[in-house]
Number of protein chains: 2
Amino acid sequence: MPAQVLATRTEAFRQPIQIHPVHKAPENGLPAAFAMMGAPLTFGRNEEVFGEGEGAEYLYRVNAGCIRTYKVLSDGRRQVGGFYLPGDVFGIEASEEHLFSAEAIVPSTVTVLKRSMVFSRAAGDSTLARQLLELAGSELHRAQSHVLLLIKTAQERVVGFLLEMAARARSRTEIELPMSRQDIADYLGLTIETVSRTLTHLENSSAIALPSARRVVVRNHSALCRFNA
Amino acid sequence: MPAQVLATRTEAFRQPIQIHPVHKAPENGLPAAFAMMGAPLTFGRNEEVFGEGEGAEYLYRVNAGCIRTYKVLSDGRRQVGGFYLPGDVFGIEASEEHLFSAEAIVPSTVTVLKRSMVFSRAAGDSTLARQLLELAGSELHRAQSHVLLLIKTAQERVVGFLLEMAARARSRTEIELPMSRQDIADYLGLTIETVSRTLTHLENSSAIALPSARRVVVRNHSALCRFNA
DNA sequence: CGACCATTTGATATGGATCAAGCGATGTGG
DNA sequence: CCACATCGCTTGATCCATATCAAATGGTCG
């Protein structure tokens, strides 16, 4: 058993943010900023990283685990904005204060960086400025894709979600889902029942297999894509 | 990409690029960049500004009229990403190529700016770099709010749209809508029938008045907000 | 083993889509 | 100036995808 745990851990740190040893002159860029000035934090399951409405003081990079951003509407409906995996940076969205809250889905470690620090540093480091802009651009792209997901049918949404997760997973055919059905449902604007039924249906069509609730095996990638719009 | 579209586009950009003579010391920031290096273009009703999948070469600022961004799914469903009014900048989203297309809703004039120019200029102009980042941030905020709209009920979506438009209109109570019911429906992920019915219902509740199809008068702002989640 | 929680499965209800007219502006040719 | 076509919008009737309500199952941890 310990071997397996170790393997999982190592994997969690796999992402391509390189942390250089700081022996030389001041380095440039966002990875360097995180490495040099970032503070590591750990969060337990369902622990809050920041709350909606709080001032946006920090940028966050996931080192291990998984973070969800979400907003709860006045009547209790919850919308999940996105899932952030190791290597992902979140918290760029807010100009003044956060529109969403952020929570750890599983025990997670995160490096935080003061925005004021990054921004003042960006004034003299055009690489960093450029990377921040690219980061914001990719978050924008993500949000726009999310909008496109939300107008599709239940089946298309679930397939879209699976393809999205598969694209980010190591193995491309075996997906380990850190989030619950409720998280998925709230991300897709569906109910858990509909998500569950749709997954069962996809399994019956032998497009996927579900060895357990949190594991998805992509059996037939093109069939899956065909279910997409 | 249809050849026809490409032809139209090429033609559109054949216009002379005006570079204003620089009398004073170099100015900073995005407005200055648009003023100094931007090229004005005009587009007729439903004319394409750029097509989805095209390389993202330019930034665009609306001077007059109204632009919609949208994407057509394989089966013909259309999603409108946003409406851009005078003063708004669009086209920041794309890192490589555009996810959405853009069209003029009414005859419009737009100033275009080469991205490569803005970005290289941003390396030495931290004000500009900062403004680009803020711009991307506000677009991100817009997209995230759009996601939140799309999980609400039909009534909440329509009310949300009206409040959004009211906030941007000059008069705050009298809204002139440049876009059709179909545009609104495709922005909200509803059908024209549902949009129309909802507007009629809001009129019957005397929250709004509809002197004509394209004019909305906000009769009771707080009642309207109460219809929102 | 037993309690608890997440997930699946089943039966029914419903909001919004779809299908189908009708209506009111705007424009066009006679 | 009027008949008439056109187009965007509204209104009505019906249908269906997904929500809701309810219960069974399974997996995890003490």
Side-chain angles (χ1 to χ4, degrees), chain A residues 1 5 44-46 68 73 75-80 105-107 149-162 175-205 208-216 227 229, chain B residues 45-46 68 73 75-80 105-106 149-162 175-205 208-216 227 229:
Chain A
M1 271 318 181
V5 169
R45 198 162 168 276
N46 295 327
R68 69 176 160 246
L73 302 185
D75 63 351
R77 279 171 292 175
R78 186 184 72 154
Q79 176 64 37
V80 168
I105 290 180
V106 293
L149 250 200
L150 292 179
I151 61 154
K152 299 187 183 180
T153 65
Q155 193 169 72
E156 289 165 348
R157 293 188 214 191
V158 171
V159 168
F161 168 75
L162 289 178
I175 315 170
E176 180 84 41
L177 300 174
M179 70 291 285
S180 68
R181 293 287 185 272
Q182 189 64 63
D183 286 329
I184 300 173
D186 290 348
Y187 176 68
L188 298 177
L190 300 170
T191 58
I192 30 173
E193 291 96 329
T194 300
V195 171
S196 180
R197 274 185 249 272
T198 306
L199 286 171
T200 321
H201 177 243
L202 289 172
E203 187 174 33
N204 293 340
S205 329
I208 63 170
L210 291 162
S212 80
R214 302 287 182 107
R215 304 197 66 209
V216 181
F227 282 127
Chain B
R45 200 162 168 276
N46 295 326
R68 67 175 162 249
L73 301 185
D75 63 351
R77 279 172 291 175
R78 186 183 72 154
Q79 176 64 37
V80 168
I105 290 180
V106 294
L149 249 201
L150 291 178
I151 62 155
K152 300 187 183 180
T153 66
Q155 192 170 73
E156 289 164 349
R157 293 188 214 191
V158 172
V159 168
F161 168 75
L162 289 178
I175 316 171
E176 182 85 41
L177 300 174
M179 69 291 285
S180 69
R181 292 288 185 272
Q182 190 64 62
D183 287 328
I184 300 173
D186 290 347
Y187 176 69
L188 298 177
L190 299 170
T191 57
I192 29 172
E193 292 96 329
T194 300
V195 171
S196 180
R197 274 186 249 273
T198 306
L199 286 171
T200 326
H201 178 241
L202 289 172
E203 187 174 32
N204 293 339
S205 329
I208 63 170
L210 291 163
S212 80
R214 301 288 182 106
R215 306 197 66 209
V216 181
F227 281 128

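The sequence lines fix the lettering, A, B, ..., with proteins before strands; numbering per chain opens at 1. Worth saying up front: this structure is predicted, and the values here are computed from it rather than measured.
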**Q.** Shortest non-hydrogen contact between B/Val80 and B/Asp183, atoms and distance
**A.** CG2-O, 3.9 Å

Q) Of all heavy-atom pairs between B/Val158 and B/Val195, which one has the smallest distance, and what is that distance? A) CG2-CA, 4.4 Å

(Q) Within the 4.0 Å heavy-atom criterion, would you say A/Thr153 contacts the bases, only the backbone, or no part of the nucleic acid? (A) sugar-phosphate

Q | Which residues share a salt bridge (charged side-chain N to carboxylate O under 4.0 Å, His left out) with B/Arg77, sequence neighbours left out | A | A/Glu156, B/Asp75

**Q.** Atom-pair distance (CD on A/Gln182; C1' on D/dT20), nearest Å
**A.** 13 Å

Q. Between atom CD in B/Glu203 and atom C1' in D/dT11, what is the gap in whole Å?
A. 14 Å

Q | Interatomic distance where CD1 belongs to A/Ile184 and P belongs to C/dA6 [whole Å] | A | 14 Å

**Q.** A/Asn204: side chain to side chain contact (heavy atoms under 4.5 Å, CB included) partners, not counting sequence neighbours
**A.** A/Thr200

Q. Atom CZ of B/Arg77 and atom P of D/dA17: how far apart are they, to the nearest Å?
A. 13 Å

Q) How is A/Arg214 classified with respect to the nucleic acid when contacts are heavy atoms under 4.0 Å: base, sugar-phosphate, or nothing? A) sugar-phosphate

Q. What does the inter-axis angle of the helix from C/dC1-D/dG30 to C/dG30-D/dC1 come out as, five pairs per end, nearest 10 degrees?
A. 30°

Q | Nearest-Å distance for atom pair CD1/C1', residues B/Ile151 and D/dA19 | A | 14 Å

Q) Tell me: CD of A/Glu156 to P of D/dA17, nearest whole Å? A) 12 Å

**Q.** Heavy-atom closest pair, residues A/Ala185 and A/Ile192
**A.** CB-N, 3.6 Å

Q: Measure the distance from CZ on B/Arg45 to C1' on D/dC7 and round it to the nearest whole Å.
A: 10 Å

Q) Do any of residues 190-199 of chain A sit with a heavy atom less than 4.0 Å from DNA chain C, and if so which? A) A/Glu193, A/Ser196, A/Arg197

Q.
Suppose the criterion is salt bridge (charged side-chain N to carboxylate O under 4.0 Å, His left out): which pairs have a residue in residues 184-199 of chain A, not counting sequence neighbours?
A. A/Arg78-A/Asp186

Q: Mind checking side chain to side chain contact (heavy atoms under 4.5 Å, CB included) for B/Ile151 and listing every partner two or more places apart, or none if nothing turns up?
A: A/Leu73, A/Gln79, A/Leu150

Q | Minimum heavy-atom distance between A/Arg45 and A/Ile105, given as atom pair plus value | A | CG-O, 3.3 Å

**Q.** Rounded distance (Å) that lies between atom P of D/dT11 and atom NE2 of B/His201
**A.** 12 Å

Q. Closest heavy-atom contact between A/Arg157 and A/Leu188?
A. NH1-O, 2.7 Å

